[in-house]
2 protein chains.
Amino acid sequence: MLKYQQIAEEIETYIEEHELQQGDKLPVLATLMDQFEASKSTVTKSLDLLEKKGVIFQVRGSGIFVRRQKRKGYISLLSNQGFKKDLDEFQLTSDVIELDIRKPTAEAARNLNLEVDDKVYYVKRVRYINGETLCLEESFFNKAYVTYLNREIVSESIFHYIQEGLGLKIGFSDMYLHVDRLTEEEAGYLGLEAGAPKLDVETVFHLTNGQPFDFSVVTYNYEQSQFFLQANSHFQ
Amino acid sequence: MLKYQQIAEEIETYIEEHELQQGDKLPVLATLMDQFEASKSTVTKSLDLLEKKGVIFQVRGSGIFVRRQKRKGYISLLSNQGFKKDLDEFQLTSDVIELDIRKPTAEAARNLNLEVDDKVYYVKRVRYINGETLCLEESFFNKAYVTYLNREIVSESIFHYIQEGLGLKIGFSDMYLHVDRLTEEEAGYLGLEAGAPKLDVETVFHLTNGQPFDFSVVTYNYEQSQFFLQANSHFQ
DNA sequence: CAGTGGTCTAGACCACTAT
DNA sequence: TAGTGGTCTAGACCACTGG
C-alpha cells in the first residue's frame, strides 16, 4: 500500500476510533509530517484524498477539521458498488432471478460500446435489506472482460469477485438517475403496487483503461431508499 | 488565478473547442510541462482536478484521455448550485412565492446548528425550465452570514450574489435524496396531481470554514428531472 | 504577526503499458 | 525495454486566520 493511502487510512481510523465529531480539530500539518515521517506533499496528498472522500475539510490559516455524516441509514451514491462499505449495520441479501450469457439489448450495447451480436453476462437480482425488498437490479457484463460468472458468485458481491478473482481494475463510472412509476413487473418483484414511485439508477462502469465493462439498471423501492452525497466546491 | 487552475481551464477549453471525444488522447505530461512552463507536480495537480471533475482519466504507462458525458439534458447532481453551469442551453426562470425573515423550523435549525429563536431568511421559489415546472425550492439562510436578500436577488442566482456580493466562500455540501409522492400543495405548485412521484433533495451548504449557512429542500417534478453523476474508484 | 495550510519547483525513483 | 504516468522528497515562498 502506498504511503499516502496508508496515512489517510490511519487518520480515518483514528477519527472513527476516537468518535471525533464534525468540527473537531486534527493535529497540524507539521505534527502529521513528524508523526508519519513523511514530507509535506505526501501528507497533503493524504489529506486531499480524505477531503475528496468527505472525511475532513481543510481551512487555510486555521487547521484541519473532521467532517462527519450526521444522518444514519442513508446509502452513499458514490460508493455503493456492492454497498458493502456503507450499510455494514444492515443485513443485505440477494435473490438471483436470472443468470445467463446472451446478446445485449440495443441500450446495453450502446452503453458498453458493443455490437448487438457480441456476448454479455446477464444478471437479474432482487436485493433485500433487513428482509425488505431494496431494489431490482439488471446488469450486463461485457463477456470479453468478465469472462466467467456463476450463481454462487452472483449471489455474493460481484464486484469483489471481478477485482479479486478476475484481477480487473475498476476506474470510474457514469450514473444516470430518473424518477418514475413502477411497471407491473417491477412492482411484482419489489412487493409494491404498479404506479408507485421508483428511482432508476443506470450506471456504466469502466475499467481504469477507460473500457466500459458493466451496464446496470437498478430500480429502487422508494420506501427503503434514502441516498446521500457529499460535494466539494472544487467541482464548480 | 492559480497556475494549476489556469492550466486545467485551458485544457478543458481545448477539449471543448476541438470537440474531443471519450477516449481521445491528450499530449503526454512532458509536453504539457513544456507547453505551460510548469513543473510536473503542477501539471499533475491540474490533471487530478480535471479527473475529479470527470473531464479526463489518466492511465499509467499509457496516457491521458478525454472522459466525456454521452447523454444530454441531464442535471449534474454535484455542480447544480444555481444550475448555471450545466443547463446553459435551457431557459431557466423562477417565480418567488415567499421571501421573509423568520425563525427556522426545528428541522432547519438542526441542520444549520441554530437555536429555534435565531433568524433566517426564508425563500420559496418555483423554478421553470423552458416554461415547464422543474422544481419547488424552499431555502433557509442563516441570517448571521447571509445578512441581506431582496426579491430581485432571489429571482436571479442567489449563490452568485452570496459569493460576489457578500464575499462568502462556499466550501462543501451534504445532500440527502428521498423519493416519495407529491403532497397536495407541492402538486399544486408543480402542476401535477397529488400522489405523483417526486424526488426531494435536501442540501446543507457550508462555508469554507465549515459553518452551515443554507438548508434547502428542493422538490423535483419527476417528468423534468434527469440527473447524472460521475464517480471515481478512489472513493472506495 | 505568529501560526497554519496552499502552491510551486527540480529531481530521484517507481510501476505500469505497449510493442 | 522505451515511454508514460505516479509517488515521494526538501525546500522556498505565498495567502489566509485569528488573537
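Since the structure is predicted, the reported quantities are computational estimates derived from the model, not experimental observations. A note on names: the letters A, B, ... follow the listed sequences, proteins ahead of strands, and every chain is numbered from 1.
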Which nucleotide, D/dC8, C/dT9, D/dG5, lies nearest any side-chain atom of B/L29?
D/dG5
I want to verify a distance call: between D/dT7, D/dT4, C/dT9, whose nearest atom is closest to the B/V28 side chain?
D/dT4
Between [X] (side chain only) and [Y] (backbone N and O only), is there a donor and an acceptor less than 3.5 Å apart?
{"X": "A/R102", "Y": "A/Y122", "value": "no"}
{"X": "B/R127", "Y": "B/E137", "value": "no"}
{"X": "B/S46", "Y": "B/Y4", "value": "yes"}

Verify the distance criterion only: is there a donor paired with an acceptor across the side chains of A/N113 and A/Q211 at less than 3.5 Å?
no
Assess the side chains of A/Q6 and A/E10: does a donor N or O sit below 3.5 Å from an acceptor N or O?
yes
So, is A/K45 near the phosphate of D/dT7, with a side-chain N or O under 4.0 Å from OP1 or OP2?
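It does, given that an N or O in the side chain of A/K45 lies less than 4.0 Å from OP1 or OP2 of D/dT7.
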May I ask you to verify if any side-chain N or O of B/T44 is less than 4.0 angstrom from the OP1 or OP2 atom of D/dG5?
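For B/T44, the contact criterion (side-chain N or O under 4.0 Å from OP1 or OP2 of D/dG5) is not met.
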Basic-acidic side-chain contact under 4.0 Å: A/D24, A/R68:
no
Taking [atom1] from [X] and [atom2] from [N], how many angstroms apart are they, rounded to a whole number?
{"X": "A/F36", "N": "D/dT9", "atom1": "CZ", "atom2": "C1'", "result": "18 Å"}
{"X": "B/D34", "N": "C/dT9", "atom1": "CG", "atom2": "C1'", "result": "15 Å"}
{"X": "B/I56", "N": "D/dG5", "atom1": "CD1", "atom2": "P", "result": "10 Å"}
{"X": "B/N232", "N": "D/dG6", "atom1": "CG", "atom2": "P", "result": "12 Å"}

Compute the centroid of each ring, for B/Y74 and then for A/H178, and state whether the two points are separated by less than 6.0 Å.
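Centroid distance B/Y74-A/H178: below 6.0 Å, so yes.
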Angle between the end axes of the helix from C/dC1-D/dG18 to C/dA18-D/dT1, five pairs per end, to the nearest 10 degrees?
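What I find for the helix from C/dC1-D/dG18 to C/dA18-D/dT1 is an axis angle of 30°.
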Could you label the plane-to-plane angle of the B/F205 and B/F213 rings as parallel, tilted or perpendicular, counting under 30° as parallel and over 60° as perpendicular?
tilted
Touch class at under 4.0 angstrom, heavy-atom based, for A/E37 against every strand present
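Contact class for A/E37: sugar-phosphate only.
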Counting any heavy atom closer than 4.0 Å, what does A/I64 reach on the DNA or RNA strands: base, sugar-phosphate only, or nothing?
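Sugar-phosphate only.
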Starting at the 5' end of DNA chain D and moving along, which residue's nearest nucleotide shows up first, B/L47 or A/S39?
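The residue whose closest nucleotide sits nearer the 5' end is B/L47.
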Would B/R71 pass as a cation-pi partner of B/F228, given that its NZ or CZ must be under 6.0 Å from the six-membered ring centre and within 45 degrees of the axis?
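No, B/R71 does not lie over the aromatic ring of B/F228.
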B/S41 or A/D48: which one's nearest nucleotide on DNA chain C is closer to the 5' end?
A/D48
Letter by letter from the 5' end, nucleotides 13-19 of chain D scores (B base, S sugar-phosphate only, - none; protein heavy atoms under 4.0 Å) --BBB--
